[in-house]
Amino acid sequence: MSRAHQLEASLRTLRLSGMLDTLDARLAQARAGEIGHLEFLSMLCGDEIARRDAGAVDRRLKAAHFETTANLEEFDFAYNPATPVAAIRDLATLRFIEAGESVILHGPVGVGKTMVAQGLGHAACRRGYTAVFTKTSRLLADLAGGHADRTWAARLRRWARPDLVILDDFAMREFTPAQADDLYEVLTERAGRSLIVTANRAATDWYSLFPNPVVAESILDRLVNAAHHLAMPGRSYRPNKRPGRTPRHADPETER
């Protein structure tokens with residue numbers, strides 16, 4: 001067995017496939033005198049690190065359960081001139097996650113709130129943060145199931161764990177007392193960690209959706225007063241999706 005084959009076998013044993021994938025190309029560079037011994041080893045290590053980083057990003061994206069693979073770079077900010085582009089780009093630096101702050105995106109149906117929220121989530125995953133996307137109704141249904149099968153505490157810990165949770169379609173309808181209590185527990189358990197909330201109503205209209213004013217104040221004080229509020233007015237993207245219609249603008253998936 002040649003030394004090259006021995007090296008390949010060793011890399012497989014050590015599960016260094018990032019090095020294995022680029023070994024032939026790096027050896028060719030070394031034989032041609034383009035790189036020295038130390039640079040050869042350094043570049044192979046860099047290839048392995050890049051492979052592992054890419055794999056970690058893929059795992060975080062899968063765990064996030066996003067509805068779309070689109071990111072902010074693909075969003076058509078020109079479609080609605082009133083979109084707060086500067087504020088969204090500032091949020092894309094992810095300083096709000098570092099600070100444990102939240103984001104509230106509110107506006108009419110179809111203007112791209114969900115797309116922006118998921119785009120920020122994608123950016124967070126690429127930066128090394130963990131994230132999860134869910135409809136608010138699904139989170140509350142999941143916790144309700146925990147009451148039924150006595151796994152509520154474990155489910156609550158699961159929702160508290162990610163660096164970023166995206167709650168889509170918040171405040172669509174009135175909350176039941178049990179839902180309000182569960183939402184309070186989620187926000188309490190996630191103290192110091194970020195949320196992104198999308199809603200068709202501004203935060204000032206949420207209070208009436210809770211059956212108990214004291215619980216409403218406790219929940220919204222934790223969420224509303226620690227959040228960046230971005231109004232997203234404008235036209236809906238959805239008419240561009242009508243069958244047979246050729247969109248004039250780039251159309252993000254699952255915009256809200």
Checklist line | Within 45° cone of Y129 ring axis and under 6.0 Å: R60 NZ or CZ | finding: no

Next item on the list: Kindly indicate whether the side chain of R89, heavy atoms from C-beta on, has any atom under 4.5 Å from the side chain of F77.
Entry: yes

Notebook entry, point to check: Charged N to carboxylate O under 4.0 angstrom, D149 versus R155?
Noted result: yes

Next item on the list: Fit a plane to each ring of W152 and H147, take the angle between them on a 0 to 90° scale, and name the class: parallel (under 30°), tilted (30 to 60°) or perpendicular (over 60°).
Entry: parallel

Next item on the list: Step through the shown structure and confirm whether more than 12 heavy atoms of other residues, nucleotides or ligands are within 6.0 Å of CZ on R158.
Entry: yes

Note to self: Using only atom types and a distance under 3.5 Å, with no angle test, would you say the side chain of R190 pairs donor to acceptor with the backbone of S194?
What the structure shows: yes

Next item on the list: Please tell me if the side chains of H122 and E73 come closer than 4.5 Å, counting only heavy atoms from C-beta onward.
Entry: no

Next item on the list: Look up atom CZ in F75 and atom OG1 in T83, then write down how far apart they are to the nearest 0.5 Å.
Entry: 5.5 Å

Notebook entry, point to check: Measuring from L183:CG to R222:CZ, what's the distance to the nearest 0.5 Å?
Noted result: 11.0 Å

Check: Taking the side chain from H229 and the backbone from A202, do they hold a donor-acceptor pair closer than 3.5 Å?
Finding: no

Margin query: Working to the nearest 0.5 angstrom, can you tell me the gap between L72 CG and Q118 CD?
Written below: 10.5 Å

Checklist line | Check: D169 main-chain N/O paired with T198 side-chain donor or acceptor under 3.5 Å | finding: yes

Check: How far apart are the closest heavy atoms of R201 and H106, and which atoms are they?
Finding: O-CB, 3.6 Å

Notebook entry, point to check: Would V132 end up clustered with V197 when hydrophobic side chains under 4.5 Å apart are linked, directly or stepwise?
Noted result: yes

Note to self: So, using salt bridge (charged side-chain N to carboxylate O under 4.0 Å, His left out) as the criterion, who are the partners of R127 when residues are at least two apart?
What the structure shows: none

Item checked: Closest non-hydrogen atom pair, L44 against T22 -> CD2-OG1, 3.9 Å

Check: So, does R126 use its side chain to make a donor-acceptor pair with the main chain of V57 at under 3.5 Å?
Finding: no

Note to self: For the CD1 atom of I166 and the CD1 atom of I196, what is their distance to the nearest 0.5 Å?
What the structure shows: 4.5 Å

Next item on the list: Answer whether the closest heavy-atom distance between the side chains of T134 and H65 falls below 4.5 Å.
Entry: no

Item checked: ILVMFWY cluster, L230 and L94 together (side-chain gap under 4.5 Å) -> yes

Next item on the list: Write down the atom of A203, the atom of V224, and the distance for their closest heavy-atom approach.
Entry: CB-CG2, 3.8 Å

Notebook entry, point to check: So, the side chain of H228 versus the backbone of I88: is there a donor-acceptor pair under 3.5 Å, distance only?
Noted result: no

Check: Looking only at heavy atoms, what is the nearest atom pair of P108 and G234, with distance?
Finding: CG-O, 4.1 Å

Margin query: Checking the side chain of T176 only, and the main-chain atoms of Q179 only, is there a donor and an acceptor separated by less than 3.5 Å?
Written below: yes

Next item on the list: In sequence, state the C-alpha distance, the side-chain angles, and the governing distance for D47 and R26, and then conclude on side-chain contact (heavy atoms from CB on, under 4.5 Å).
Entry: CA-CA 10 Å; D47 295 335; R26 299 306 186 201; 2.9 Å; yes

Item checked: side-chain contact (heavy atoms from CB on, under 4.5 Å) assessment of D53 paired with I49 -> CA-CA 6 Å; D53 286 347; I49 291 170; 3.6 Å; yes

Check: Which distance, rounded to the nearest 0.5 Å, do you find between the CG of L223 and the CG of L167?
Finding: 8.0 Å

Item checked: Heavy-atom side-chain contact between F175 and V215 under 4.5 Å -> no

Next item on the list: Answer yes or no: is there a side-chain heavy-atom contact under 4.5 Å between L16 and R52?
Entry: yes

Notebook entry, point to check: Same cluster for V116 and V85 if Ile/Leu/Val/Met/Phe/Trp/Tyr side chains link at under 4.5 Å?
Noted result: yes

Notebook entry, point to check: If you take all heavy atoms of P84 and A231, which pair is closest and at what distance?
Noted result: CD-O, 3.4 Å

Notebook entry, point to check: For the residue pair F66 and F133, does the interplanar ring angle fall in the parallel (under 30°), tilted (30 to 60°) or perpendicular (over 60°) class?
Noted result: tilted

Margin query: Please check: side-chain N/O of N80 versus main-chain N/O of A82, any donor-acceptor pairing under 3.5 Å?
Written below: no

Check: What is the distance from atom CG of N71 to atom CE of M115, rounded to the nearest 0.5 Å?
Finding: 6.5 Å

Next item on the list: Output all residues satisfying salt bridge (charged side-chain N to carboxylate O under 4.0 Å, His left out) with R95, sequence neighbours left out; order by chain, then residue number.
Entry: D90

Margin query: Run the side-chain contact (heavy atoms from CB on, under 4.5 Å) test on F96 and L164 for me, step by step, so that the C-alpha distance in whole Å, both residues' side-chain angles and the decisive distance to 0.1 Å come before the verdict.
Written below: CA-CA 10 Å; F96 75 96; L164 173 65; 4.2 Å; yes

Next item on the list: Treating Ile, Leu, Val, Met, Phe, Trp and Tyr as nodes and any side-chain heavy-atom pair under 4.5 angstrom as an edge, say whether I104 and L195 lie in one connected cluster.
Entry: yes

Checklist line | Heavy-atom donor-acceptor pair, T188 side chain to Y184 backbone, under 3.5 Å | finding: yes

Check: Linking I/L/V/M/F/W/Y whenever any side-chain heavy atoms sit under 4.5 Å apart, do Y207 and I219 land together?
Finding: yes

Checklist line | F40 vs Q29 side-chain heavy atoms within contact, under 4.5 Å | finding: no

Check: Any sub-3.5 Å donor-acceptor pair from T136's side-chain atoms to D168's backbone N or O?
Finding: yes

